[in-house]
Engineer: 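What follows is a structure written as structure tokens; I'll ask about it next.
Please read these numbers as outputs of a predicted model, since none were measured by experiment.
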Amino acid sequence: MKLNIAVLAGDGIGPEVTAQSIKVLKAIALEFDHSFSFNYAPVGAIAIDETGNPLPEATLEQCKNSHAILFGAIGDPKYDNDPSAKVRPEQGLLALRKSLGLYANIRPVKAYDTLLSKSPLKKDIIKGTDISIYRELTGGIYFGKKEISADGDTASDLCEYSRVEIERVAHLAFKAAQSRRKKLTLIDKANVLETSRLWRKVVKEVATSYKDIELDFLFVDNAAMQMILNPKQFDVILTENMFGDIISDEASVIGGSIGLLASASVGDKYAMFEPIHGSYPQATNKGIANPIASILSAAMLLDHFDLNDEADLIRTAVDKSLALHITTPDLNTKYDNITTSKVGDFIADFISNPKDSNHNFSNIHLGQSTII
Ligand SMILES: NC(=O)C1=CN([C@@H]2O[C@H](COP(=O)(O)OP(=O)(O)OC[C@H]3O[C@@H](n4cnc5c(N)ncnc54)[C@H](O)[C@@H]3O)[C@@H](O)[C@H]2O)C=CC1
Ligand SMILES: CC(C)CC(=O)C(=O)O
């Protein structure tokens with residue numbers, strides 16, 4: 001298969017984690033005789049520096065002319081620490097999602113058996129967790145009218161949703177539930193918010209077309225608690241934009257690191273694949289950023305084109321790297337020098353030699369073994 005992939009690596013750790021995904025996708029292309037081309041374009045703070053615009057027109061065009069987009073992360077402390085900045089990196093990502101109509105953000109969350117001890121949660125609570133979060137991505141408070149009074153002392157962000165915005169993501173979530181454990185939980189705040197009451201009404205209506213799915217509802221405050229108390233109760237979660245952003249970061253502690261959580265942002269025409277984490281600026285160029293979220297996002301890209309064997313091979317290689325402690329320091333207490341790039345090398349190498357049982361780090365120089 002021929003795929004033109006737009007690469008928007010962005011800021012902070014974005015470029016280094018995305019470089020590992022590309023390494024892995026190149027190994028897949030070789031192994032399965034595909035042709036993937038990678039076309040880089042700026043977004044976020046780097047794009048503001050270059051053009052004054054966090055989403056330059058040429059970048060958007062590049063995305064529209066590609067089969068898929070691989071996104072890294074955006075964000076820079078110089079904007080985080082300057083509330084008065086009018087142009088911000090995050091606007092680039094939001095504009096990209098809106099312009100491409102990427103209304104559903106799918107975030108798989110699972111507990112890896114080999115990493116159970118890495119989570120701050122007890123093993124018996126998290127073991128077996130397997131959740132698919134469907135986060136609405138182009139509506140709600142992130143996109144509503146924003147205002148600040150002339151004296152700068154009063155501010156507002158409007159949260160708005162329409163029936164159609166809720167219906168289209170709900171259908172995707174129900175369909176996903178049909179191929180999973182047939183349960184869907186809507187997370188909202190319907191006891192307080194008018195938008196949440198609309199979500200409940202519309203989702204109940206959509207549910208009538210999916211009679212095989214058990215639908216339940218949780219207020220977001222309770223859901224935040226349930227995610228930690230008993231994450232195994234969840235199968236598919238459906239929720240609005242901001243709740244989904246927050247709940248999925250919380251859910252990432254189940255796996256042991258946010259550096260494992262991948263996502264697909266899809267619409268009717270375009271699709272973008274992005275780790276759920278941000279630009280983690282403190283780690284930039286230190287080789288400590290976990291690239292697996294980005295690599296698993298690349299696997300989701302392959303699934304999107306029905307290249308399921310290819311995607312499965314990436315996931316097998318990731319499992320192997322985790323089992324052998326070929327991981328960055330966020331998950332590693334055994335070796336002290338496994339860098340971002342070494343993780344990418346190992347996974348790409350595994351893909352090139354999947355039958356090599358001697359996968360004993362031929363291309364990796366392991367550091368001090370601190371715990372056996
Ligand atoms: N999709 C995106 O591009 C997003 C961008 N941001 C932006 O990123 C910047 C930093 O935001 P933060 O709130 O600090 O969120 P962040 O996700 O960048 O980092 C939060 C913490 O998560 C951990 N972490 C994140 N990525 C990791 C990785 N690959 N490997 C290991 N550990 C990892 C680190 O402990 C880090 O301190 C801000 O400018 C923010 O606006 C935040 C979230 C999403
Ligand atoms: C950085 C924002 C634009 C969005 C965000 O936090 C996210 O999607 O994870």
Side-chain angles (χ1 to χ4, degrees), residues 17 20-21 23-24 27-28 107-133 180-181 227-228 230-232 234 248-263 275-277 287-300 303 309-372:
V17 295
Q20 309 318 310
S21 302
K23 207 182 266 179
V24 167
I28 289 284
R107 300 184 157 191
V109 176
K110 72 175 212 175
Y112 292 84
D113 281 347
T114 46
L115 295 180
L116 293 177
S117 64
K118 306 294 179 201
S119 172
L121 302 176
K122 289 181 185 149
K123 287 184 194 179
D124 57 331
I125 289 181
I126 57 173
K127 189 172 165 50
T129 299
D130 176 3
I131 307 171
S132 187
I133 300 177
R180 292 173 49 95
R181 299 191 307 278
M227 184 61 76
I228 300 301
N230 178 17
K232 277 180 281 203
F234 296 112
S248 50
D249 265 37
E250 185 195 14
S252 78
V253 302
I254 294 165
S257 170
I258 194 171
L260 294 173
L261 257 67
S263 85
I276 82 151
H277 61 70
I288 59 171
N290 193 331
I292 289 179
S294 178
I295 291 170
L296 291 175
S297 301
M300 294 181 86
D303 275 330
D309 290 345
E310 290 84 337
D312 284 346
L313 182 54
I314 293 182
R315 287 188 275 264
T316 303
V318 165
D319 288 348
K320 191 80 179 172
S321 75
L322 298 175
L324 293 175
H325 307 273
I326 311 295
T327 63
T328 42
D330 49 318
L331 291 172
N332 210 331
T333 41
K334 184 166 169 125
Y335 302 119
D336 64 5
N337 77 335
I338 308 291
T339 60
T340 308
S341 177
K342 284 181 181 174
V343 175
D345 288 344
F346 177 86
I347 293 170
D349 184 53
F350 184 93
I351 287 164
S352 307
N353 307 286
K355 298 208 169 75
D356 178 2
S357 56
N358 264 338
H359 251 288
N360 50 8
F361 333 114
S362 52
N363 59 353
I364 310 252
H365 170 69
L366 293 175
Q368 197 77 38
S369 176
T370 47
I371 296 179
I372 304 293

Engineer: List the steps, then state whether side chain to side chain donor-acceptor pair (under 3.5 Å) holds for T327 with K334.
Structural biologist: CA-CA 9 Å; T327 63; K334 184 166 169 125; over 6 Å; no

Engineer: Taking the side chain as C-beta and beyond, is there a heavy-atom pair between R107 and S252 under 4.5 Å?
Structural biologist: no

Engineer: List in chain and number order the residues that pass salt bridge (charged side-chain N to carboxylate O under 4.0 Å, His left out) with D303, two or more places apart in sequence or in another chain; answer none if no residue qualifies.
Structural biologist: R315

Engineer: Donor-acceptor check, side chain of K232 to backbone of K127, threshold 3.5 angstrom: yes or no?
Structural biologist: yes

Engineer: Taking C-beta and beyond as the side chain, do P354 and T316 meet within less than 4.5 Å on heavy atoms?
Structural biologist: no

Engineer: Sort out for me which residue in T339, T328, I347 forms a side-chain contact (heavy atoms from CB on, under 4.5 Å) with P291.
Structural biologist: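 Among the candidates, only T328 passes.
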
Engineer: Measure the shortest side-chain to side-chain distance between I292 and S321 over non-hydrogen atoms and say whether it is less than 4.5 angstrom.
Structural biologist: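 Touching, per the 4.5 Å side-chain cut-off.
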
Engineer: State, yes or no, whether a side-chain contact exists between Q20 and T340 at a heavy-atom distance under 4.5 Å.
Structural biologist: yes

Engineer: Strictly distance-based, threshold 3.5 Å: is any side-chain N or O of K23 a donor or acceptor partner for the main-chain N or O of S341?
Structural biologist: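 Checking the backbone N and O of S341 against the side chain of K23, a donor-acceptor pair under 3.5 Å is found.
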
Engineer: Determine yes or no for a side-chain-to-main-chain donor-acceptor pair under 3.5 angstrom, with S21 supplying the side chain and S294 the backbone.
Structural biologist: yes

Engineer: What is the minimum heavy-atom distance between F346 and A317, and which atoms define it?
Structural biologist: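 Residues F346 and A317, closest heavy atoms: CE2-O, 4.1 Å.
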
Engineer: Please examine the side chains of D319 and T114, heavy atoms only from C-beta on, and report whether any two atoms are closer than 4.5 Å.
Structural biologist: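 No, every pair of side-chain atoms sits at 4.5 Å or beyond.
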
Engineer: Which pair of non-hydrogen atoms, one from A293 and one from P275, has the smallest distance, and what is that distance?
Structural biologist: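 Closest approach of A293 to P275: CB-CB, 3.6 Å.
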
Engineer: Between F350 and K320, what is the shortest heavy-atom contact and its length?
Structural biologist: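 Reported closest heavy-atom pair: CE1-CG, 3.7 Å.
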
Engineer: State whether the side chain of K118 and the backbone N or O of L331 hold a donor-acceptor pair below 3.5 Å, judged by distance alone.
Structural biologist: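 Yes, because the side chain of K118 sits within donor-acceptor range (under 3.5 Å) of the backbone of L331.
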
Engineer: Flag the pair D309 / L313 as yes when at least one side-chain heavy-atom distance between them is below 4.5 Å, and no otherwise.
Structural biologist: no

Engineer: Can you confirm whether D330 sits close enough to I288 that some side-chain heavy atom of one is under 4.5 Å from a side-chain heavy atom of the other?
Structural biologist: no

Engineer: Measure the shortest side-chain to side-chain distance between R181 and D130 over non-hydrogen atoms and say whether it is less than 4.5 angstrom.
Structural biologist: yes

Engineer: Do you know which of V253, I131, L260 makes side-chain contact (heavy atoms from CB on, under 4.5 Å) with V109?
Structural biologist: I131

